[in-house]
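Take a look at the structure below.
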Number of protein chains: 2
Amino acid sequence: MLTHEMKLVRGQKVEVTMELSERKKEILRAITDVYIETAEPVGSKTIAQNSGLGLSSATIRSEMAELTALGYLEQPHTSAGRVPSAQGYRFYVNELMNRHRLSLQEAEEINRNLTHRLGQLDKMISDIGRFAAKLTSYPTYALTTTVSNLTAERFDLIFVDSNRFIIVIMLSDNSVQNRLVQLTSEVDPVTLGKLSTVFNARFTGITEGAITPELISATERATGDSSGLVSVIAGYAIEVLTSRGSGEAFVTGATRLFEHPEYQDISKARELLNYLSDGSRIMNLPAPDDNQDIKITIGPENLADELKDSSVIVVRYDLGNDAQGLIGVVGPTRMDYSTVSARLSYLARGLSWLFSGGAILPPGDTSRDNGLEDGFKK
Amino acid sequence: MLTHEMKLVRGQKVEVTMELSERKKEILRAITDVYIETAEPVGSKTIAQNSGLGLSSATIRSEMAELTALGYLEQPHTSAGRVPSAQGYRFYVNELMNRHRLSLQEAEEINRNLTHRLGQLDKMISDIGRFAAKLTSYPTYALTTTVSNLTAERFDLIFVDSNRFIIVIMLSDNSVQNRLVQLTSEVDPVTLGKLSTVFNARFTGITEGAITPELISATERATGDSSGLVSVIAGYAIEVLTSRGSGEAFVTGATRLFEHPEYQDISKARELLNYLSDGSRIMNLPAPDDNQDIKITIGPENLADELKDSSVIVVRYDLGNDAQGLIGVVGPTRMDYSTVSARLSYLARGLSWLFSGGAILPPGDTSRDNGLEDGFKK
DNA sequence: TTTAGCACTCGGAGGGTTCGAGTGCTAACG
DNA sequence: CGTTAGCACTCGAACCCTCCGAGTGCTAAA
């Protein structure tokens, strides 16, 4: 059935399959499942009794020894059971994992939360993160990808009184920003009307970099503005384009870490929490490749040293207008990959749908969870 | 000099002062200072050597024994040194503490950060918290007090295209909120103009509670609106008044906890972090009384059980328009009360100044730190 | 090829001992 | 009479040792 080769392992002839034998796969899967649940190294006896393979512990032991030699399992110390290695988790995620199928309750729970029409985008993003943390019981990061070609689409200047007015800018990502400006000088509605016409003509459709001092001073000359109104408005436009375009990051549910035994050691927890509290480093966390919607990064596959003992699952969703958001969870390598990835995927698809102008989801509609069907085997 | 009385302590006649003798005060101060710095119970020898009182450890010991009997000190166990009790900290804070005077560098650092003109209020508040956490090296909470009589001052409806428009609402606290509305039906600029006139006439100056279903349906009849525009706009007004009026809470710098030895025990840290991650409970944290700008709550003085071993220092600042903000830090009872309260006070005064329309602070202007002069004694 | 049997390994829990910082008390001192 | 040196005592922290048992790898038999 599979290509075989013979190999000398510790002076003994041992069968080594290029791909693992079905039996080894079953054993690896069983060990990983148990370890994910219990966080305790798994012994041969446990597997012999629970896997339903009908093999004795001695047989399991020899298979486990081979899986260890092949790098799929590790032994914390000689007289302990086995634990999946990073390679083992990777194989489990790619081929063995029971794809978790969302229950109706889970899907409804997610739908219910999605339909809460939320307010401003940044608040919405942090709310999404909070919800994801609850959903997965791991710390979560939520961020929006940087938008490279963000432009202002529309300027409105609202006259409030002779020394106050409101700048309203609508951006190409359909977000709207405003600021109340207090002046020491005076304005009138007519001036503001003229200025907004000029700004709509000259400052729309251009990126933040194109708003040069030259453009500003040329506009000042053209409008005869001497009181600095033009530069106030242009400055706000730059500020908005910069901050909005550079994305934002939120971390929520950090205390969830403590729920997992691997972070009972304060220094482990501290290291990871410190990492997560640094906004700039969160931007460097893994993200799905362009052709994928989900990415699972296991332990040492992470670039950051602080994450070498942790795994990250991150999904992408569309915010419309080329902008995208990411939601990721961080947990121990012994993470519940199956459930977490299913829930995050479903959440991401719901969000994309919502941002593409989708209406409120019909409650209990789990028909959209394509790709979440039962996987390899129950 | 002081009223004395004689009292039987453990069968021995012991001098008990109604107020503590100067020497006892000095010893209590010395013990508290050392303990705040080292987090280790303080022995009589340490004090004898470092306090400069010129007394032997035996004398110190007997004074310490009396301070313990009076409730100012505690003994973790018989053969350990002394630790200030909550009562001891309270006395220290009220009477003994060296009032920390900000250095020029500290004041400049704060000024520099204050002058960063920040954007939206909610983001600003979380930024203030972040800065305070950095300033004090303790976890920080920042929140705005609830504004009871918040009203909308002004409505503007901006026509974008036939099925999109922007609602802009200016509130009585001078904040401006907006939302882009996507319609399935169509609108035109004239309708929007009429609607904004009506909303400015009927919906301004009234609180959220006054926006009743009756008012909405009456407005619908008056404008002949059948496509639900009135209720969309009114609904947004309610949402904005509610969320803005109820204040917001942010916690930052939670991982600072780990810097202090009392939170090396994971369960302590976990308990406190869990408490701090619950937004609704943060609202219940102590706040200064009406006639004060700063409040220090020590250990068991806190109402919440989770805070019985922690102290909270919180300052208030004015946001203008009767609204106020709070910044608090949470740390071990062995908190550096002196430095933290000085820095927070200075920060709060700077913020009040800024929100009252104050201009950028002159760099290095420490003249405003009234009340931060050297206190009791250096 | 599988399994029962067995000697072996080694981390963790439990218990005992040592160490020393700090105490309270007493008696002597200025 | 307050202050101090001296001293016996206390008790937690650190260390060491032993025991226990889960789990292993190997071997020989089925």
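No experiment lies behind these values; they were computed from the predicted model shown. Letters A, B, ... mirror the listed sequences (proteins, then strands); counts begin at 1.
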Does the plane of the ring in B:Tyr72 sit parallel, tilted or perpendicular to the ring in B:Phe91? Use 30° and 60° as the thresholds. perpendicular

Closer than 4.0 angstrom, basic N to acidic O: yes or no for A:Lys25 and A:Glu22? yes

Do B:Arg82 and B:Tyr35 make a side-chain contact, defined as non-hydrogen atoms from C-beta onward lying under 4.5 Å apart? no

Over all strands shown, is B:Ser44 touching base, sugar-phosphate only, or nothing at heavy-atom distances under 4.0 angstrom? sugar-phosphate

Rounded to whole Å, please give me the gap between NZ in A:Lys45 and P in C:dA4. 13 Å

Short question: side chain of B:Thr339, backbone of B:Asp336 - any donor-acceptor pair under 3.5 Å? no

Starting from P on C:dG30, measure out to CG on B:Leu55 and report it in whole angstrom. 18 Å

Using atom CG of B:Leu53 as one end and atom C1' of D:dT3 as the other, report the distance to the nearest whole Å. 14 Å

In whole angstrom, give the distance that lies between atom CG of A:Leu73 and atom P of D:dG25. 11 Å

Could you tell me whether A:Ala58 contacts a base, only the sugar-phosphate backbone, or nothing, with contacts defined as non-hydrogen atoms closer than 4.0 Å? base

Other residues, nucleotides, ligands: >12 heavy atoms within 6.0 Å of A:Glu37 CD: no

Start at the 5' end of DNA chain D and walk down; is the nucleotide closest to A:Thr46 or to B:Ser56 reached first? B:Ser56

For B:His77 and for A:Gln75, find the nucleotide of DNA chain D with the closest heavy atom, then tell me which residue's nucleotide is more 5'. B:His77

Identify the pairs formed between an N or O of the protein and an N or O of nucleotides 6-9 of chain C at a distance under 3.5 Å, and give each distance.
none

Value in whole Å for how far the P atom of D:dA22 lies from CD1 of A:Ile60: 19 Å

Which heavy-atom pair separates B:Ala132 from B:Thr140 by the least distance, and what is that distance? C-OG1, 3.6 Å

Is the phosphate of D:dT4, meaning OP1 or OP2, less than 4.0 Å from a side-chain N or O of B:Thr59? yes

Which nucleotide in the list D:dT24, D:dT4, C:dT23 gets nearest to the side chain of A:Met64? D:dT24

So, does B:Arg23 get its side chain near the phosphate of D:dG2, meaning an N or O under 4.0 Å from OP1 or OP2? no

Is it true that, when you exclude A:Gln264 itself, more than 12 heavy atoms of the residues, nucleotides or ligands shown sit nearer than 6.0 Å to its CD? yes

